[in-house]
Amino acid sequence: MNETIRIGSRGSQLALWQANHIADQLRSAGYEVAIEVIRTTGDRMQQPESSDLDGLPALAPLADGKGIFIKEIEEALADGRIDLAVHSLKDLPTQLDSRFTLAAIPPRADARDVFVCEQYWALHTLPMGSRIGTTSPRRQAQLLALRPDVSFVEIRGNIDTRLRKLEQGLCDALVLAAAGLDRLARAEWVHQRFAVDELCPAPGQGALALETRSASYAIFAEPERDEHVLRAVAALDHAPTRFAVEAERAALDALGGGCQLPIGVHCAAVYINNGDGEEIVGHRIHAQVVAPDGEQMIVLTKDAPAGIDPTVLGHEIAEDLKSRGALELLA
């Protein structure tokens, strides 16, 4: 079958980079691919100069519970107008609509947060009372735990807009996800990449999610088209990344879900060289739950054996955090 695979994407610079990145891989495997730009509710809600990137929380709910940056894309997928949606995984709710499936999760980019500033080279070198540009409740809480003297400025818009506002002096530094800056080759002012036990990333951060219609949801009279898409996309899946993000998202879901909670969870495979190459021998997971004012923090690091189910691991992490008072901090 040589039907063109239609990818739906937001029109932002980063979203289009991600869509084209996946399109190039599919084309290299011999598939015909087209990209359709879809304007979302989140795009329309933003100011014109800020309409390119996730200045608003991607999971901010609409009346029907959909995230403001995925609703129209999933509608196009459900209607059969596109075959594949490429998302930043952290933008997806922890519970996926049953009509859809994550057909592939490609290898993850750098999941860490970064300190962006030309003049100062690390968070600890900022002068007292400095202003940091971030709208993320998680980052704000984690930064206050490290530097209770700083304040925060809402800097919205695409990456170029945010860097320009930093250059104009609207804030003294930015804290952003490494993956977006690296993908767009805009990491020239990145002077510090926070360790995951300093600023624990959001679950799924740095990973892409390739969403298709599930096999049980038949929009076309003949199933061949969706089977063709699923086969093509499944080849891009990266098992270690899928394990990690499934564990992270399971922990977040068990703690209440949502990107507005100051929760960080990061899982990574532990490798050894067995002489024939690298072998996964286990998994290490870090988690942080922080009070919004940064005054209290629960930190957890756990090593798990290879072969454990990622959802089980995520739930174990969540239960451990709950036993230490995580829900009380979040409340």
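Residue numbers count from 1 along this sequence.
Using a 4.5 Å cut-off on side-chain heavy atoms (C-beta onward), L321 and I263 make no contact. Within the 4.5 Å cutoff, the side chain of T301 has no heavy atoms near those of the D197 side chain. Counting heavy atoms from C-beta outward, I317 and L300 have side chains that approach closer than 4.5 Å. At least one side-chain heavy atom of R186 sits under 4.5 Å from a side-chain heavy atom of E188. Using a 4.5 Å heavy-atom threshold, the side chains of I308 and E316 count as touching. The side-chain heavy atoms of P93 and I70, taken from C-beta on, include a pair separated by under 4.5 Å. Looking only at side-chain heavy atoms (C-beta outward), E211 and L77 come within less than 4.5 Å of each other. In this structure, the side chains of L330 and P262 come closer than 4.5 Å at one or more pairs of heavy atoms.
Formation of a donor-acceptor pair under 3.5 Å by the T4 side chain with backbone atoms of V33 is not found in this model. Proximity of a side-chain donor or acceptor of N274 to a complementary backbone N or O of G277 within less than 3.5 Å is detected. Although no hydrogens or angles enter the test, the distance criterion places a donor-acceptor pair under 3.5 Å between the side chain of K322 and the main chain of A254. The main-chain N or O of C117 is found under 3.5 Å from a side-chain atom of H191 such that the two form a donor-acceptor pair. Judged by distance alone, with hydrogens and angles left aside, the side-chain atoms of R213 form no donor-acceptor pair with the main-chain N or O of L230 at under 3.5 Å. Between the side chain of Q140 and the main chain of P292, no donor-acceptor pair closer than 3.5 Å is present. A donor-acceptor distance shorter than 3.5 angstrom exists from the side chain of Q288 to the backbone of E198, with no hydrogens or angles considered. Distance alone, capped at 3.5 Å, is enough to place a donor-acceptor pair between the E248 side chain and the C267 backbone. Side-chain atoms of N158 come within 3.5 Å of backbone atoms of D160 as a donor-acceptor pair (strictly under, hydrogens ignored).
Linking Ile, Leu, Val, Met, Phe, Trp and Tyr whenever their side-chain heavy atoms come within less than 4.5 Å leaves W121 and L174 in two separate clusters. Side-chain heavy atoms closer than 4.5 Å link hydrophobic residues (I, L, V, M, F, W, Y) into clusters, and following such links, even through other members, never connects V270 to V312. At a threshold of 4.5 Å between side-chain heavy atoms, the hydrophobic network of Ile, Leu, Val, Met, Phe, Trp and Tyr places L170 and L166 in one connected group. Each of F243 and I280 belongs to its own hydrophobic cluster when Ile, Leu, Val, Met, Phe, Trp and Tyr are linked at side-chain heavy-atom distances under 4.5 angstrom. The hydrophobic cluster containing V196 does not contain V114, counting ILVMFWY residues as joined when their side-chain heavy atoms lie under 4.5 angstrom apart, directly or transitively.
The two residues D320 and R324 have their closest heavy-atom pair at OD1-NE, 3.0 Å. Counting all heavy atoms, side chain and backbone alike, A103 lies closest to V233 at CB-CG1, 3.7 Å. Across all their heavy atoms, H238 and P107 have their closest contact at CB-N, 3.5 Å. In plain terms, the two heavy atoms of P201 and H266 that are nearest each other are CD-CB, 3.8 Å. Residues A209 and L89 approach most closely at CB-CD1, 3.4 Å, considering heavy atoms. Nearest heavy atoms, W189 versus L163: CZ3-O, 4.1 Å.
Summarising the geometry, atom CG belonging to L252 is positioned 5.5 Å from atom OG1 belonging to T94; distances are rounded to the nearest 0.5 Å. Note: E36 CD to I82 CD1 = 7.0 Å, rounded to the nearest 0.5 Å. One finds the CG atom of D172 at 4.5 Å from the CZ atom of R131 (value rounded to the nearest 0.5 Å). Atom CG of residue N20 and atom CD1 of residue I7 lie 8.0 Å apart, to the nearest 0.5 angstrom. Atoms NZ and NE2, from K302 and H286 in turn, are 13.5 Å apart once rounded to the nearest 0.5 Å.
Through chains of ILVMFWY side-chain contacts below 4.5 Å, V299 is grouped with V290, M297. Hydrophobic clustering, defined by side-chain heavy atoms of Ile, Leu, Val, Met, Phe, Trp and Tyr closer than 4.5 Å, groups L143 together with F115, Y120, L123, L126, I132, L144, L146, V150, F152, V175, F194, L199.
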Problem - Audit row: T40, K71, side-chain contact (heavy atoms from CB on, under 4.5 Å) steps and yes/no - result: CA-CA 7 Å; T40 67; K71 180 178 186 291; over 6 Å; no
Practice task
Apply the test side-chain contact (heavy atoms from CB on, under 4.5 Å) to residues I38 and E75: give CA-CA distance (whole Å), side-chain angles for both, the deciding distance (0.1 Å), then the verdict.
Solution key: CA-CA 10 Å; I38 298 172; E75 287 174 350; over 6 Å; no
Exercise for the section: Dump the intermediate steps for side-chain contact (heavy atoms from CB on, under 4.5 Å) on I105 and D237, then the final yes or no. Expected result: CA-CA 5 Å; I105 300 172; D237 194 58; 4.0 Å; yes
Practice task
Apply the test side-chain contact (heavy atoms from CB on, under 4.5 Å) to residues E74 and L96: give CA-CA distance (whole Å), side-chain angles for both, the deciding distance (0.1 Å), then the verdict.
Solution key: CA-CA 11 Å; E74 286 195 333; L96 207 62; 4.3 Å; yes
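A side-chain donor from one of S216 and S214 sits under 3.5 Å from a side-chain acceptor of the other. Between the side chains of Q25 and H21, a donor-acceptor pair is found at a separation under 3.5 Å.
A salt bridge is absent between R249 and D253; no separation between the charged side-chain nitrogens and carboxylate oxygens falls under 4.0 Å. Salt bridge D182/R193: present, at least one basic N to carboxylate O contact under 4.0 Å. R139 has a carboxylate O that lies under 4.0 Å from a charged side-chain N of D113, or vice versa, which qualifies the two as a salt bridge.
For Q18, the side chain to side chain donor-acceptor pair (under 3.5 Å) test picks out S88, R183, with sequence neighbours left out. Under the side chain to side chain donor-acceptor pair (under 3.5 Å) criterion, T311 pairs with no residue at all, not counting sequence neighbours. With sequence neighbours left out, the side chain to side chain donor-acceptor pair (under 3.5 Å) criterion links E246 to R242.
Annotation: salt bridge (charged side-chain N to carboxylate O under 4.0 Å, His left out) contacts involving residues 263-290, sequence neighbours excluded, comprise R284-D303.
Under a cut-off of 6.0 angstrom, the local environment of CD in E32 is sparse, with at most 12 non-hydrogen atoms contributed by other residues, nucleotides or ligands.
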